[in-house]
Amino acid sequence: MNEVDNQEIAAQFERIAELLEIQGENPFRVRAYRNAARTIQNLPRNLASMVAAGERLEELPTIGKDLAAKIREFVTTGSLRKLRELERAVPPGMRELLKVPGLGPKRLRVLRDELGIRDLAALERAAREGRVRQLPGFGEKSERKLLAELNELQRRARRFPWAEAEALATRLLAHLKTARGARRVEMAGSYRRLRDTVGDLDILVSATRDNAVMETFVAFERVERVLSKGRTRASVVLDNGLQVDLRVVPRASFGAAWHYFTGSKAHNIAVRVMGVRRGLKINEYGVFDQSGRRIAGSDESSLYAQVDLPWIPPELREKRGELEAAARGGLPRLIERADLRGDLHAHTTRSDGEDDLATLARAARALGHEYLAITEHSQHLRIAQGLSADALLAHCDAIDALNQNLDGLRLLKGVEVDILEDGALDLPDEVLARLDLCLGAIHSAFGLSRRRQTERLLRAMDNRWLDIIAHPTARLLGKRPACELDIERILESARQSGCALELNAQPLRLDLDDIHCRMAREHGVAIVISSDAHSARQLDNLRYGIAQARRGWLEAGDVLNCLSWDALRARLRRNR
DNA sequence: GCCGTTTTCGGCCCGACTGTTTTCAGTCG
C-alpha cells in the first residue's frame with residue numbers, strides 16, 4: 001500500500017510538461033502540468049492514500065478533472081498512458097536540448113525541422129560546422145553562444161548548498177556596497193528564502209540615477225563570464241559555475257522589486273493575480289491602480305497590504321498555503337535561533353569528532369546553551385570508531401565527571417546508535433536504558449526498498465529506549481539521495497510512540513527537509529533541531545537548521561530543544 | 001489543463017535583455 005510516492009507523481013507531470021513543451025503545445029497547458037507538479041511536490045499528504053480512501057483530488061488547487069484522473073491512473077497502474085505516448089513521439093535527446101540556456105521550444109523546433117537535430121551531440125556538430133547560423137532566427141552570435149553553453153552544461157546544472165553559496169553572497173554584498181550611487185544592497189531569490197540549495201544568487205540594489213553598480217558588479221574578482229548586462233539587470237557566472245543575477249531599481253520601487261526578486265515565482269504569480277482581482281497591476285516597480293498611479297511598493301509590507309495581507313516571511317513564500325494562512329491571520333510564529341536552549345547531537349574525539357569533551361562544552365556554553373548531549377556512534381559504525389557497550393558506559397563516567405565542574409551547562413549522556421538493516425538497535429537495551437537519551441540512525445543499507453526501509457525504521461521505533469530518529473532519510477545534498485521511506489507511516493508511528501524526529505542541521509543534511517518538517521508538525525510529532533557537530537565550530541550549524549525549520553512552518557512549541565532540560569526530559573519517550 | 005463575486009468560454013503575471021531584426025520574437029527569471 002502507498003508504494004507510490006508524491007514525488008514520483010510530480011515527476012511524471014513534470015516530464016509530460018517538458019515533452020508537451022518540446023512539441024510546441026499550448027504554453028498554458030504546459031503550465032497546468034507544471035503547476036500540478038508543484039502542488040503535488042508540496043503536498044503534506046500522500047496522494048496514493050488519498051486515492052485509496054476515495055478522496056476527491058479535484059478539491060486540490062491546480063488539480064482538475066483530467067489531472068485527478070491521471071493521478072488515479074498512475075497510483076493504480078504505475079504508469080501514464082499519456083506519458084508513454086509522448087515518449088514514443090519525442091526522441092529521447094530532445095529533453096537535454098531543452099535544458100541548454102537560450103534554447104526554448106520554438107528554436108528547438110527550428111533546429112529539429114531544418115537540421116534534424118535531436119540530441120546534444122548533433123547540435124554540437126551542426127554548430128561547429130557553421131550550419132546553425134544559417135537558420136532563420138539564428139546568427140553567428142547565437143551559434144557561438146550555443147557552443148559555449150554546451151561546454152558548460154555539466155557545471156551549470158548543479159545546485160549549490162546554501163552554506164556554500166553563503167561565503168560568496170557575503171563577499172558580493174560587501175563588494176556591491178562600495179559601488180558609487182548604491183544605497184541599499186540585499187540578497188533575494190531562493191537564497192533569501194533560505195532554501196537548502198540555491199541554483200543561482202539574486203541580488204537587488206537600489207541606487208541613485210547616476211550610479212556605477214553594473215560596472216562594479218561585473219568587476220567582481222570571481223566573475224568569469226558576463227551573460228548579459230543592461231541598464232537595470234545583469235547576469236554573470238562566477239569561476240565556480242554559480243550564476244549571479246543583479247537588478248538595480250530606484251528607491252521608491254525597492255519593496256516591490258525585493259518581493260518580485262525574492263519569489264518564489266509561484267508565490268509572486270499568486271500575489272499578482274490577487275492584485276488583478278482588485279483592479280491593480282503589480283510588477284517589480286510597484287503596485288499601480290487603474291489610472292497607472294503607483295500606490296505602493298517602497299517596502300514589501302505596503303505591497304502585501306494592497307492585497308489585504310500581512311507581510312509574509314520569505315521562508316514561507318512557496319505557494320504552500322501561506323497566502324491563505326496570511327489572509328485568515330493564521331501565519332505561524334516562526335521559530336528563531338534564540339528559542340533554542342540546547343543541542344541534542346554532538347560527537348567528540350571519542351568517536352569521529354575533532355574536539356574533546358571539555359572543548360565542546362566550553363563552546364556550547366559560549367553559545368548560551370543550557371545543555372548539550374554527547375552522542376557518539378555505536379560499535380557497528382567502525383569507520384567512525386563507534387563505541388562498544390563498555391566503552392560507552394566508560395564515556396558516560398567521563399561526562400559525569402566533567403559535569404561536576406561545569407557552570408551553567410549540563411552535558412547529557414547520549415548515543416547515536418546504529419539502526420541495523422533489520423531494524424534492531426546496535427546496543428543492548430540495558431545499556432540504552434542507562435542514558436539520558438538515545439538517538440537512532442541509519443548509516444548503512446541506504447538502498448533498501450521503500451517497504452523494507454520503512455519497516456526497518458518502524459521496528460527501530462518499537463524499542464522504547466529510542467527517543468529520537470536522527471537524520472531520518474540519511475540524504476546528503478548533492479551526494480546521496482534520501483532513502484525511500486513511507487514518511488506518513490513513520491510519522492504516524494512516531495506520534496503513537498512519542499518518538500521524536502530530528503532536523504539535522506548539518507548544511508549538507510538538513511534532514512528532515514522543509515516539507516517533512518511541516519508534515520511532522522501537522523501529525524503532532526515533536527522535532528528536535530540538532531547540530532550533529534563533529535567539532536566545536538560546527539555547534540553553530542544550528543542556524544542552518546533554524547532556517548529549514550522556518551521553511552517547514554515550525555514554531556518554538558513544535559521543537560523539543562526549545563524547552564528547559566527538566567521540561568524536555570519529561571517529554572522524552574523513555575520518561576513517559 | 002485549470003478556473004470562475006462581471007465569465008462554463010476565454011482568459012491564463014509581467015518586464016528585461018539579446019540577437020536578428022528594421023519593429024520584434026524568443027527566452028528567461
Side-chain angles (χ1 to χ4, degrees), chain A residues 13-14 16-17 20-21 24-39 57-71 80 82 97-111 132-146 148-149 156 188-191 193 198-204 214 226-236 243-249 253 256-257 259-288 297 303 307 319:
Chain A
F13 283 179
E14 185 55 44
I16 289 177
L20 288 175
E21 194 171 30
E25 254 285 3
N26 173 1
F28 296 108
R29 195 167 163 227
V30 173
R31 202 165 84 189
Y33 277 98
R34 293 234 157 90
N35 287 341
R38 273 199 68 80
T39 299
L57 307 176
E58 291 87 344
E59 311 268 304
L60 296 169
T62 76
I63 308 290
K65 209 172 141 210
D66 184 273
L67 293 183
K70 286 196 169 66
I71 292 170
L80 288 179
K82 173 92 180 169
L97 284 171
L98 192 62
K99 296 208 176 86
V100 178
L103 279 190
K106 299 268 174 68
R107 306 179 90 200
L108 213 53
R109 281 174 85 78
V110 174
L111 287 169
V132 171
R133 71 181 71 176
Q134 296 157 9
L135 297 174
F138 291 83
E140 261 187 71
K141 263 197 162 170
S142 25
E143 189 178 75
R144 266 206 307 279
K145 243 186 140 163
L146 280 177
E149 293 294 357
R156 291 270 297 282
S190 52
Y191 184 88
R193 301 199 313 277
V198 299
D200 61 12
L201 290 180
D202 301 289
I203 307 179
L204 181 67
M214 285 303 174
V226 178
L227 297 175
S228 69
K229 175 165 164 282
R231 206 170 43 80
T232 67
R233 170 175 273 195
S235 295
V236 301
Q243 180 171 328
V244 187
D245 297 332
L246 175 76
R247 189 78 195 255
V248 180
V249 296
S253 298
H259 180 260
Y260 158 75
F261 223 26
T262 295
S264 67
K265 192 169 171 175
H267 174 94
N268 285 354
I269 289 175
V271 170
R272 286 180 177 187
V273 168
M274 291 178 77
V276 170
R277 293 216 180 102
R278 289 164 172 77
L280 303 171
K281 185 168 79 167
I282 301 176
N283 60 29
E284 56 265 55
Y285 295 108
V287 182
F288 300 87
L303 182 148
V307 291
K319 186 82 171 69

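Each chain gets a letter, A, B and so on, in the order the sequences are listed, and its residues count up from 1.
B:dC13 and B:dC3 are spaced 13 Å apart, taking the P atom of each and rounding to whole Å. Rounded to a whole angstrom, the distance from the P atom of B:dT5 to that of B:dG1 is 23 Å. On the C1' atoms, B:dT8 is 15 Å away from B:dC12, given to the nearest whole Å. Taking atom P in both B:dG11 and B:dT7, one finds a spacing of 14 Å when rounded to whole Å. Nucleotides B:dG29 and B:dT23, compared at atom C1', are 24 Å apart to the nearest Å. The same atom, P, is picked in B:dT20 and in B:dG26; the two are 14 Å apart, to the nearest Å. Here the separation of B:dG10 from B:dC24, taken at their P atoms, is 27 Å to the nearest Å.
A:Arg31 pairs by the side-chain hydrogen bond (donor to acceptor under 3.5 Å, both in side chains) definition with nothing, not counting sequence neighbours. The side chain to side chain contact (heavy atoms under 4.5 Å, CB included) test applied to A:Ile269 returns A:Lys265, A:Val273, not counting sequence neighbours. Remark: A:Glu149 pairs with A:Val100, A:Pro101, A:Arg156, A:Arg225, A:Leu227 by the side chain to side chain contact (heavy atoms under 4.5 Å, CB included) rule, at least two apart or across chains. Legend: residues meeting side-chain hydrogen bond (donor to acceptor under 3.5 Å, both in side chains) with A:Tyr191, ordered by chain and number and at least two apart, are absent. Contacts of A:Lys229 classified as side-chain hydrogen bond (donor to acceptor under 3.5 Å, both in side chains), with partners at least two apart in sequence or in another chain: A:Glu215.
Across all strands, A:Val100 comes closer than 4.0 Å only to sugar-phosphate atoms, never to a base (heavy-atom distances). Looking at heavy-atom distances under 4.0 Å, A:Pro27 makes no contact with the nucleic acid at all.
Residue A:Leu67 holds its CG atom at 10.0 Å from NZ of A:Lys82, rounded to the nearest 0.5 Å. Between the CG atom of A:Leu135 and the CG atom of A:Leu111 there is a distance of 6.0 Å, given to the nearest 0.5 Å. Interatomic distance, CG of A:Leu204 versus CD of A:Glu284, reported as 10.0 Å (0.5 Å rounding).
When the C1' atom of B:dC28 is taken as reference, atom CG of A:Asp202 falls 12 Å away, rounded to whole Å. Rounded to whole Å, atom C1' of B:dG29 lies 15 Å from atom NE2 of A:His259. For A:Asp245 and B:dC28, the CG to P distance is 12 Å, given to the nearest whole Å. Here the P atom of nucleotide B:dG1 and the CG atom of A:Leu57 are 17 Å apart, to the nearest Å. Between A:Lys106 atom NZ and B:dA25 atom C1' there is a gap of 8 Å when expressed in whole angstrom units. Atom CG in A:Leu67 sits roughly 4 Å away from atom P in B:dC2 (whole-Å rounding). We find that CD of A:Glu25 is positioned 14 Å from C1' of B:dC2, with the value rounded to whole Å. One atom, CD of A:Glu14, and another, P of B:dG1, lie 16 Å apart when rounded to the nearest Å.
Nucleotide B:dT22 is shown with an anti base, its glycosidic torsion being more than 90° from 0.
Summary of the strand contacts: A:Arg277 and A:Ala68 both lie near DNA chain B, and taking for each the nucleotide with the nearest heavy atom, the more 5' one is attributed to A:Ala68. Residue-to-nucleotide proximity on DNA chain B shows that, of A:Lys70 and A:Lys99, the 5′-proximal contact is made by A:Lys70.
Pair assignment for B:dT8: none, as no Watson-Crick or G-U wobble contacts are both less than 3.5 Å.
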Handout entry: Reading 5' to 3' through nucleotides 7-20 of chain B, protein heavy-atom contacts under 4.0 Å coded B for base, S for sugar-phosphate only, - for none
Key = -----BBBBSSSSS
